[in-house]
2 protein chains.
Amino acid sequence: MNVTKKIGRPRAFDYNTALLQAMAVFWEKGYDGASMRDLTGAMGITGPSLYAAFGDKRGLYLKTIDYYCSADACTPLVALEGEEDIEKALRAFLSEIIRSATEHESGATGCFLASSVVASVGQVDGVAERVEAAIADTEHRLAARFEREIEKGTLDPDFPAKSRAALLFDIRQGYMFKGRAGWSSERMLEEVDSRVEMLLSA
Amino acid sequence: MNVTKKIGRPRAFDYNTALLQAMAVFWEKGYDGASMRDLTGAMGITGPSLYAAFGDKRGLYLKTIDYYCSADACTPLVALEGEEDIEKALRAFLSEIIRSATEHESGATGCFLASSVVASVGQVDGVAERVEAAIADTEHRLAARFEREIEKGTLDPDFPAKSRAALLFDIRQGYMFKGRAGWSSERMLEEVDSRVEMLLSA
DNA sequence: ATCATTATGTAACGATCAGTACATATAGGA
DNA sequence: TCCTATATGTACTGATCGTTACATAATGAT
């Protein structure tokens, strides 16, 4: 790919790395609890650099949410969609949910949206729409995975895909809440098999 | 009851009313997002009065959480425990969850713990223990209700009470998240019957 | 009437907040 | 070499933060 040369002083930091650092701070401390001092410290840049690259605190926050929705939050869904056997797919999904709720590389627990961002709904413009879109997208993909099994004949034609997708979403919420509360992944993994069985029952 | 007279200037405000007002502010804006100005304004008292009665901002916050856990959060559980027929009990529980997630008298949506307090786990001392205790207590009471049905013979002796209690808890988490995201109660009530059926299935 | 105790209100403290003005630095293009 | 454009760092702005000192008020007890 042809990299166009850009006039002006080159940026001294990596935009995506800084964004990830900011996300970790927001995830841990929340929007209001994260000060510009916290953010610039973690990102390794100064205030003017942050404002030039990301806009303002709110703009940065919304970008971290968008990043999370397009990256971290998709990892369990990708695991579900990438596994051909539906039982294994559900286990992979739940295992990945539990892993990210307890052992995320940022050190933060739970889910960025469900354990942190949700508290700022109604407080920070742009958040509610993103949370609503994330729910819709996630449930849509979960339902699509069940529908794919119906098409394969593995599940009955009258299998309630949307209902089970919504239930799977709730199970995800439960795990994220418990992850934030400090539960170990071992403790949460105990019920996975019986839940998979129930999710696929007629 | 013999009310002992108390020397000193009588308090000019009602402690419990003020506590409820404070809870509404914390629920809506979170711990960091709620300023002392927000709190004193909603409570109708001045700073020194707040400090004299509640300690400090953190002490007030923890008291609102304790209040929520002993009052609001119990309403759905009381509905579950108070209904003799298990199907009706589950419907009453879920309906009350949905109602409080969308139409709480404070105007705040979702659940105070799951949609607001959870963001301050790790940030405010005393929060994580309270959240952990709330999960344990809720799941215990949910399991006890299923066990009561086993004893009555309505449910099989090998009915997985604890598993179903944990699942019911997750369903609760899903509704609370969606409530905060702005979903209507109608939308959430759609699935209640099928979920009750699944929760009681063998 | 006075005292002890508790509560309230005003004003202020020391600290931190989000964001920016301005000088300087670093690149590519002419 | 000079110009234009973009980035960075220092210092600062105006505002708000959580909390408290101190004067005053309101009660019951003596």
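Letters go in sequence order (proteins before strands), and every chain restarts at 1.
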Quiz item: On DNA chain D, nearest-nucleotide positions of Gly8(A) versus Ala34(B): which is more 5'?
Solution: Gly8(A)
Quiz prompt | Nearest-angstrom distance from the residue atom CG of Asp32(A) to C1' of dT16(D) | solution = 13 Å
Quiz item: Going from CG on Leu80(A) to NZ on Lys88(A), what distance comes out if it is rounded to the nearest 0.5 angstrom?
Solution: 14.5 Å
Quiz item: How many Å lie between CZ on Phe13(B) and P on dA7(C), as a whole number?
Solution: 8 Å
Quiz item: Within this structure, what is the CD1-to-P distance between Ile45(B) and dT8(C), rounded to whole angstrom?
Solution: 7 Å
Quiz item: So which nucleotide from dT24(D), dT6(D), dG19(C) ends up closest to the side chain of Arg9(A)?
Solution: dT6(D)
Quiz item: Please give, in whole Å, the distance from dA30(C) C1' to Ile7(A) CD1?
Solution: 11 Å
Exercise. Would you tell me if any nitrogen or oxygen in the side chain of Lys6(A) comes within less than 4.0 Å of OP1 or OP2 on dA7(D)?
Key: yes
Exercise. Inspect the contact between Arg172(B) and Asp170(A) and indicate whether a charged nitrogen and a carboxylate oxygen are less than 4.0 angstrom apart.
Key: no
Practice problem: Check the distance between dC17(D)'s P and Tyr31(B)'s OH and give it to me in whole angstrom. | Solution: 13 Å
Quiz prompt | Polar side-chain atom of Ser95(A) near backbone of Ala92(A) as donor-acceptor pair, under 3.5 Å | solution = no
Quiz item: Hey, does the side chain of Arg11(A) come within less than 4.0 Å of dA7(D)'s phosphate (OP1/OP2), counting only N and O?
Solution: yes
Quiz item: Are Thr46(A) and dG9(D) close enough that a side-chain N or O sits under 4.0 Å from OP1 or OP2?
Solution: yes
Quiz prompt | Parallel, tilted or perpendicular, as decided by the 30° and 60° cut-offs, for the rings of Phe177(A) and Phe169(B) | solution = tilted
Self-check item: Heavy-atom neighbours of Lys162(B) NZ exceed 12 at 6.0 Å
Solution: no
Quiz prompt | Given DNA chain D, 5'-ward residue of the pair Pro10(B) and Ala12(A), judged by closest heavy atom | solution = Ala12(A)
Exercise. Give the rounded distance in Å between these two atoms: CE of Met36(B) and P of dA12(C).
Key: 20 Å
Practice problem: Send over the distance from Leu39(B) CG to dT19(D) C1', rounded to a whole Å. | Solution: 13 Å
Quiz item: Are any of Ser49(B)'s side-chain N or O atoms less than 4.0 Å away from OP1 or OP2 of dT8(C)?
Solution: yes
Quiz item: Roughly, in whole Å, what's the span from OH in Tyr51(A) to C1' in dG9(D)?
Solution: 15 Å
